[in-house]
Amino acid sequence: MLSKSQARLFFIVGTIFFSGVFLWLTVDTIRQVPNQTRAANITPAVDRGKKIWEANNCMGCHTIFGEGAYYAPELTKVVERRGEVWLKTFLKDPEAMYPGERKMTNYHFSDNQINDVIAFLKWAGEVDLNGFPAKPTLSATTASAPVSNLDLLKGAPSTFSQLCTACHSVGGKGGNVGPALDGVASRMSAEEMTKRIKDPMSVKPDSKMPKLGLSDGDISQLVAFLQTLK
Amino acid sequence: MKYASQKVAFWFFATCMLLFTLQLIYGFIMGFAHMGFDVLHDLIPFNTARAVHTNLLVVWLLTGFMGAAHYIIPDEVQRELYSVKLAYIQLGSLVVVGVVALIGFHVNWWEGRKFLEIPRPLDYLVVVNVLTFLFNIGMTVFKANRASTTSIVLYTGLVAAALLYLPGMIYFENQTMDSYFRWWVVHLWVEGVWELIMGGILAYLLIKLTGVDREVIEKWLYIIVGLTFLSGILGTGHHYYYIGAPKYWLWVGGIFSALEPLAFLGMALFAITMYRRSGREHPNKLALMWTMGCAIMSFVGAGFLGFAHTLPQVNLYTHGTLVTAMHGHLAFWGAYAMIVLAIINYSMPLMTGRKNYGSMTGNLAFWLSNIGMLGMTGAFAVAGIAQVYLERKMGMDFLQVQREVEPHFLGLVLAASLFTVGIALYIFDFTKFGFPSDEALGVSEDTTVVV
């Protein structure tokens, strides 16, 4: 059996050896990370976004690269999943998008700050994470499919394909929070649509649909598109 | 108690009790928020509650380690503490920095990096504070000129913990590098040098409680901390799988993480073997329960449950889900909270002179808190596994999945209530001892030799 001095030697030699290996792998990691993370794409906007991310402890609810808390969604691929239009609208007033659901603090970001945060998240989405997050292997539902899949709606404005489809579906593609919009034009006049999009609760007081604060131009473009869904 | 200066440990332990209580309150805020009752959102949003909950844990454990060092080191090196005054100043300033940080978390002042949320200016104060502590303990050892293995291991652990705090303070604009060095602090603390501290305290308690020869216990202490570093240093790799670091970490992290339970298994077997070899009966049965409980629960929580999701193939799906919370709760409880509660239970009768061994409340505190914590771990496990399958395997929307797992958080809150009753009883027992007294100096431990 080992003596005490042999045991001490095992501790000291083992610790020095494995610390050495760890430092060597760290040097190699530092060498490889810029390439793997596309560090060349870290613009000043990305860095500003990271600082906003840290200053508000976003990791205290969300995860990025799977790291953080488990109270709010993983945001690594959020730009791919939701699109910039959705993110901008959401960050302006987070609770409006999900009334009555889990709350997010409204940080009253300026447009520039929102752009910086999105730049940071967009960069994060392009980092090679060795396969994380994994593609669902059991069954694909439409709820978290990337927005790019919904582009089959020819001629749809981006407000529709990124914002509306988060809750509504057309042709089976999109979210299932709100009713499907197939044939909506035959159920609703352009006037009523405009009114509903502007202030959903003015038409239906118990509506779960958020008041998105879209511009009049965006709304008329949306209504024109929705009128084609007969 | 042999030296009057050991009494300062009491104030560290009393601070622990206070911070631990606060930690539980913020835990409940999060538990209810997960159930859908985030009624305090406007005052204490989830990220505030979480930063407070985890930072309080770290601070009360560190305070406990410091208290343990103030009690153990004078006894081991057979000398009064270098400066009692410095110890009080250090504890006082630690509490002030801690309170300022906690208030900061409520007004959006922090550095939002998981576990290292303390704002940067306060980081420097923490460093100064810890250096003061190390100076005081170091001078005690130096002046005594007589260091035991147990005291060396404990002190090395404390110095290494202080050094490893520094890499977490470097700024990187690349999130991957930021994360890489953040784990130098977090992982190398809890799966490295903290285990050295835990091993040191455990060895001290075993020497005192079982009466087994110091040479035997300290030999095994070296082997176990050797195993800890052998597996734990490269085991850091399990945090590097999916953060943008090279792919070889999947191999390195996977293999060495699989070895990590061995160190904890060694710790558990070590404690059990020494207990069975015990040549004397120590009257403080509760301290022995906490010591043995710590050795066993740390294997279950840190070793076994850690291994349950460090394999890269499994971690690909469980990374960043409630499964991590499942492992985290039992690991910190078993390995670190229980060792601090064990040394408190051991030292209180000796510091106060009140031979309150194995009271009914003390026994209930042990069982209720442990059963409660196992229940919480179970609730997190069910919620976590459901989340992994629904969200990661089937691709359901995050919030939809969270609604599905809400009922398990009712289970969590119920188990947490049981746990809280246990801790409340522990604190009640703690207050029954009263304050430390010089009258306790030189009082023997009343051990009886078993034939």
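So that the names make sense, note that chain A is the first sequence line, chain B the second, and so on, each numbered from 1.
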- Message: Let me confirm one number: the OH-OG1 distance from B:Tyr180 to A:Thr26, rounded to the nearest 0.5 Å.
- Response: 2.5 Å
- Query: Side chain, backbone, both or neither: which part of B:Thr321 has a heavy atom under 4.5 Å from chain A?
  - Reply: backbone
- Query: Is it the backbone or the side chain of A:Ala55 that comes under 4.5 Å from a heavy atom of chain B, or both, or neither?
  - Reply: backbone
- Message: Whether the side chain of A:Asn130 engages the backbone of B:Tyr241 through a donor-acceptor N/O pair (distance < 3.5 Å, no angle test) should be reported.
- Response: yes
- Give, as side chain, backbone, both or neither, the part of B:Leu196 having an atom under 4.5 angstrom from any heavy atom of chain A. side chain
- Query: Looking at B:Glu391, B:Glu215, B:Gln387, which one has more heavy-atom pairs under 4.5 Å with chain A than the rest?
  - Reply: B:Glu215
- Query: Can we say A:Lys50 and B:Glu173 salt-bridge, meaning some charged N sits less than 4.0 Å from an Asp/Glu carboxylate O?
  - Reply: no
- What class does the angle between the rings of B:Phe46 and A:Tyr71 fall in, given that below 30° is parallel, 30 to 60° is tilted and above 60° is perpendicular? parallel
- Query: How long is the gap from CD on A:Glu95 to NE2 on B:His41, to the nearest 0.5 Å?
  - Reply: 5.0 Å
- Query: Is B:His319 reaching over with its side chain to a backbone N or O of A:Pro133, donor-acceptor style, under 3.5 angstrom?
  - Reply: no
- Message: What part of B:Phe172 gets within 4.5 angstrom of chain A, counting heavy atoms only: side chain, backbone, both, or neither?
- Response: backbone
- Report the option among B:Ser179, B:Pro45, B:Pro119, B:Ala51 that has the most heavy-atom pairs separated by less than 4.5 Å from atoms of chain A. B:Ser179
- Item | From CE (B:Met177) to OG1 (A:Thr29), nearest 0.5 Å | 7.0 Å
- Query: What residue in B:Leu227, B:Val216, B:Leu250, B:Asp178 has the most heavy-atom pairs under 4.5 Å with chain A?
  - Reply: B:Asp178
- Item | Proximity breakdown for A:Lys103 and chain B, heavy-atom pairs closer than 4.5 Å | both
- Item | Residue B:Ala33 versus chain A: region with a heavy atom under 4.5 Å | both
- Message: For A:Asp28 and B:Tyr248, which I'm curious about, is there any donor-acceptor pair between the side chains at under 3.5 Å?
- Response: yes
- Which atoms of B:Tyr171 come close to chain A, meaning under 4.5 Å heavy atom to heavy atom: side chain ones, backbone ones, both, or neither? side chain
- Query: According to the interplanar angle, ranging from 0 to 90°, do the rings of A:Phe11 and B:Phe229 count as parallel (below 30°), tilted (30 to 60°) or perpendicular (above 60°)?
  - Reply: parallel
- Message: If I measure from the heavy atoms of chain A, does B:Leu116 come under 4.5 Å with its side chain, its backbone, both, or neither?
- Response: neither
- Against chain A, label B:Glu117 side chain, backbone, both or neither, depending on which of its atoms sit under 4.5 Å from a heavy atom there. side chain
- Message: Tell me whether the rings of A:Phe22 and B:Trp249 are parallel (<30°), tilted (30 to 60°) or perpendicular (>60°).
- Response: perpendicular
- Query: Measuring heavy-atom distances to chain A, does B:Arg50 have an atom under 4.5 Å in its side chain, in its backbone, in both, or in neither?
  - Reply: side chain
- Message: Quick check for you: among B:Glu111, B:Arg113, B:Lys114, which has the greatest number of heavy-atom pairs under 4.5 Å with chain A?
- Response: B:Lys114
- With only heavy atoms counted, which part of B:Tyr242 is less than 4.5 Å from chain A, the side chain, the backbone, both or neither? both
- Task: Please look at B:Thr228 and chain A and tell me whether the side chain, the backbone, both or neither of the residue comes under 4.5 angstrom of a heavy atom of that chain.
- Result: neither
- Query: Tell me, side chain or backbone of B:Leu316 under 4.5 Å from chain A's heavy atoms, or both, or neither?
  - Reply: both
- Query: So what's closer than 4.5 Å to chain B heavy atoms on A:Ser3: side chain, backbone, both or neither?
  - Reply: backbone
- What do the steps show when you test A:Phe132 against B:Asn315 for side-chain contact (heavy atoms from CB on, under 4.5 Å), and what is the final call? CA-CA 10 Å; A:Phe132 180 84; B:Asn315 194 254; over 6 Å; no
- Query: Which answer fits A:Asn56, side chain, backbone, both or neither, if we ask what part of it has an atom under 4.5 Å from a heavy atom of chain B?
  - Reply: both
